[in-house]
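Here is the structure we will look at.
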Amino acid sequence: MTSAVTPTAGPTDADAVPVGPLPDSAGHFGRFGGRFVPEALFAALDQLTDAYAAARADPGFAAELGGLLATYAGRPTALTDAARLTAHVGGARILLKREDLAHTGSHKINNVLGQCLLTRRMGKTRVIAETGAGQHGVATATACALLGLECVVYMGEEDTSRQALNVARMRLLGAEVVAVASGSRTLKDAINEAMRDWVATVDTTHYCIGSVMGPHPFPMLVRDFQRIIGVETRAQVLERVGGLPDAVVACVGGGSNAMGIFHPFIGDPSVRLIGAEAGGDGLATGRHAAAIAGGAPGVLHGMRTFLLQDADGQTQVSHSISAGLDYPGIGPEHAWLHETGRATYGVVDDRAAMDALRLVARLEGILVAIESAHAFAAAFGVARDLGPDAVVVVNCSGRGDKDVDTAAKWFDLL
Amino acid sequence: MRSLSDERSLAGEPDERNEPGERNEPGGQSRLSQAFARARADGRAVLVGYLPAGFPSVAGAVTAMRALVEAGVDVVEVGLPYSDPTMDGPVIQAASDAALRRGVTTADVLRTVEAVAATGVPALVMTYWNPVERYGAAAFARDLAAAGGAGAITPDLPPEEAGPWLAATADTGLDPVFLVAPSSTDARLARVAAVSRGFIYAASLMGVTGARERVGAQAAELARRVRAVTDTPVAVGLGVSTPEQTAEVAGFADGVIVGSALVRALLDAERAGADPEEAAVALRGVVAGLAAGVRRSGPSVPRG
Ligand SMILES: Cc1ncc(COP(=O)(O)O)c(C=O)c1O
């Protein structure tokens, strides 16, 4: 059936750390992951698995992707010493991995360039994507424009209004944006609609999933394309401070920026890996998007993972001020890292995230995405706990231009 | 808007054409197998009719499903409404969303199965996997069997992940029904055929549920390929909605599955303000045409 791909290094890292044999050939991370999809999609998932294995074995693919990441996406991204923030928090030295400086303003471009190159290798001409905050949609529209691919982006109706700027950006880039009015009209429903499209168009269409989620091979594929974040971070921190960081902190929606920065450190037991789930109005209110803290194992969108669900297994609607974290599930490898204890997941509510957003803007002159602000809020606590001798890296996954409207309302600025 | 309390049974008068209360006996020929054998003896295809439980209400759905049986459906597919039905088009989505909003539960679905099974016609649950996993595969199989269910179709559970479900159903007499699609390789057809019991659900086309102008050209070819690897009956669904289409499919498959056309009739009835009895009249009309269709064209492709 599928050829097993042994995940090692991402396509562009020469000196990567060897990693474990996950997932297995059927896409399992322990009891998580797998492929829970209609039979009609199996052929396409097998084709993708094979195309990816062939691409990894082809130095030409690594060279092409590496070239685009360097000359188009702006990699490597900077590692910034957040000196004023460090002083203000009063704990560990805080370093920022600046994915906000990547082209299109977030880490999403890393994955999309990889998948769109694969689309071309498979001879497909059309790309579909789901998007929550619009960042993955914008990145996909961008890569499709660059590579001459047709692009359709599914976006929940609720998100098209709270992230209207990104809708306009996608349209400017030539993509068709479809507002999804079914179900809860957010990211999960956009994914449902993209899957319905894909079943009917799979001969010509690639579904460019935006996070480390979905059926195998997507969680592996997206992780490998995002792994460049961690590979760069590891080298930059070693050079800057002469050792490994004590903790790496990232926000977790589906979990791609977190998996990308965590993965090269998984084999370094001294490095704490900390994920911040979106707490919305607070875990106790039930209005949140914290799949690990507030969910239970189940199956959604082709994978077994932690999910927000009711007693009958119906998916519960998630809540977060951050559209990009507003998802009731989490990538299956995070479920595995949580279950094995290798990574720790905490919850940051809307208020803490927005306070962090303003603080980082004022002290560092960086307006971060609300998604990323969740990582900062979590990192402050970690930095205080670890103390001044420690080094904490925060994955600044995206910039906050798209969130100015939301922030202006939250802080009553206009 | 639940019109029935948990205590009250939904079972009505048994349909005297059938043998009410008959259960699948482990080891014996299953209810589904019997239905296919009977139709084959009559020189026709089986008509499988789908409706979601809980729409327009739990009791209203039972009334509608009984109407299907009265008008000639051989097997009732009882849909378990789910929040994320990625294989369904807008019509079935609309009805199952409404059922969920009105509070339908997994327990209601099982009681619906019980009421339909009491007519003597096999009642098959169609469910996405997570509600079963959440209920517990073994517990669901036990309770479905106890309700008189004939089995379950699980469209997003591939054979690779089906171990717990196969184990749970093994000693219950329930038939686990799996799907094949036009894109399935021969190796996958064989893999699905090895675990599917009762029948194999062949998706007529690459797409989601919903009426189509014509039956996918790939459907006949897929049915032929399935028959080449197994003796298990093959039923074709997705996009089959008219008497002409059921007749066409009956020409190359053992069973014809109709869903959206029936759900559409219920949605239209609700929109027109019809009560459940009036909706049942409309449904019987639709089913009568479809049932005539499966009889018009006996299987023209002999088996074996
Ligand atoms: C800036 C930014 N960070 C994080 C995320 C969350 O996605 P993931 O958890 O896959 O990194 C998004 C999603 O839209 C985003 O735009």
Side-chain angles (χ1 to χ4, degrees), chain A residues 1-2 24-28 31 33-47 181-184 188-189 191-205 214-216 296-305 307-317 328-329, chain B residues 80-90 93-94 96-97 100 103-109 127-136 140 154-162 178-185 187-189 191-192 200-203 205-210 212 216 218 238:
Chain A
M1 201 192 67
T2 67
D24 69 16
S25 64
H28 297 115
R31 63 178 168 138
R35 268 186 188 171
F36 294 84
V37 293
E39 174 63 26
L41 290 178
F42 265 79
L45 294 173
D46 282 346
Q47 178 195 23
S182 60
S184 63
K188 89 173 173 70
D189 308 282
I191 294 169
N192 293 341
E193 212 51 45
M195 286 196 167
R196 292 181 188 118
D197 178 319
W198 202 32
V199 173
T201 59
V202 69
D203 281 349
T204 60
T205 298
H216 178 65
V299 168
L300 177 69
H301 294 149
M303 59 183 166
R304 180 177 285 116
T305 189
L307 292 183
L308 303 182
Q309 54 181 320
D310 70 12
D312 272 351
Q314 307 287 346
T315 311
Q316 280 174 326
V317 176
Chain B
L80 191 154
Y82 177 53
S83 52
D84 296 276
T86 48
M87 259 200 61
D88 286 307
Q93 279 180 52
S96 46
D97 276 358
L100 287 172
V104 70
T105 64
T106 302
D108 291 329
V109 174
T127 178
Y128 291 87
W129 181 243
N130 198 50
V132 179
E133 181 150 315
R134 184 70 171 168
Y135 198 96
F140 189 81
T154 48
D156 60 348
L157 182 71
E160 286 81 350
E161 304 285 354
F178 293 86
L179 280 77
V180 295
S183 60
S184 302
T185 59
R188 287 201 62 82
L189 292 186
R191 184 153 196 180
V192 172
I200 291 166
Y201 189 134
L205 45 78
M206 298 293 286
V208 296
T209 58
R212 303 291 200 289
Q218 301 151 307
L238 292 200

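Letters A, B, ... mirror the listed sequences (proteins, then strands); counts begin at 1.
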Could you tell me which portion of Val132(B) (side chain, backbone, both or neither) has an atom closer than 4.5 angstrom to a non-hydrogen atom of chain A?
neither
Between Pro131(B) and chain A, with a heavy-atom cut-off of 4.5 Å, which part of the residue counts as in contact: side chain, backbone, both or neither?
both
Does the Asp197(A) side chain pair with the main chain of Ala194(A), one donor and one acceptor, at a distance under 3.5 Å?
no
Greatest number of non-hydrogen atom pairs under 4.5 angstrom with chain A, of Ala94(B), Pro155(B), Ser184(B), Gly207(B), falls to Gly207(B)
Residue pair Val180(B) / Ile200(B), side-chain heavy-atom distance below 4.5 Å:
yes
So what's closer than 4.5 Å to chain A heavy atoms on Thr106(B): side chain, backbone, both or neither?
both
Chain B contact via Gln309(A) - side chain, backbone, both or neither, heavy atoms under 4.5 Å
both
Out of Thr185(B), Val192(B), Asp88(B), which one racks up the most heavy-atom pairs below 4.5 Å with chain A?
Asp88(B)
Ignoring hydrogens and angles, tell me if any N or O in the side chain of Asp310(A) forms a donor-acceptor pair with the backbone of Asp312(A) under 3.5 Å.
yes
Of the backbone (N, CA, C, O) and the side chain (C-beta and beyond), which part of Tyr82(B) lies under 4.5 Å from a heavy atom of chain A, both, or neither?
both
So which part of Leu307(A) gets closer than 4.5 Å to some heavy atom of chain B, the side chain, the backbone, both or neither?
side chain
How about Glu39(A) and Arg191(B): do any of their side-chain heavy atoms sit closer than 4.5 Å?
no
Pair Arg35(A)-Phe42(A), side-chain contact (heavy atoms from CB on, under 4.5 Å): steps then yes or no
CA-CA 9 Å; Arg35(A) 268 186 188 171; Phe42(A) 265 79; 3.7 Å; yes
Suppose we screen for side-chain hydrogen bond (donor to acceptor under 3.5 Å, both in side chains). Which residues come up paired with Asn192(A), at least two apart in sequence or across chains?
His301(A), Asp84(B)
One pair to check against side-chain hydrogen bond (donor to acceptor under 3.5 Å, both in side chains): His28(A) and Glu161(B). What are the steps and the verdict?
CA-CA 10 Å; His28(A) 297 115; Glu161(B) 304 285 354; 2.8 Å; yes
Value rounded to 0.5 Å, distance of OG in Ser96(B) from CG in Leu80(B):
9.5 Å
Per-residue contact mode, Val202(A) against chain B (heavy atom under 4.5 angstrom):
side chain
With chain A, the option among Leu205(B), Leu100(B), Leu157(B) that has the most non-hydrogen atom pairs under 4.5 Å is Leu100(B)
Residue Pro81(B) versus chain A: region with a heavy atom under 4.5 Å:
backbone
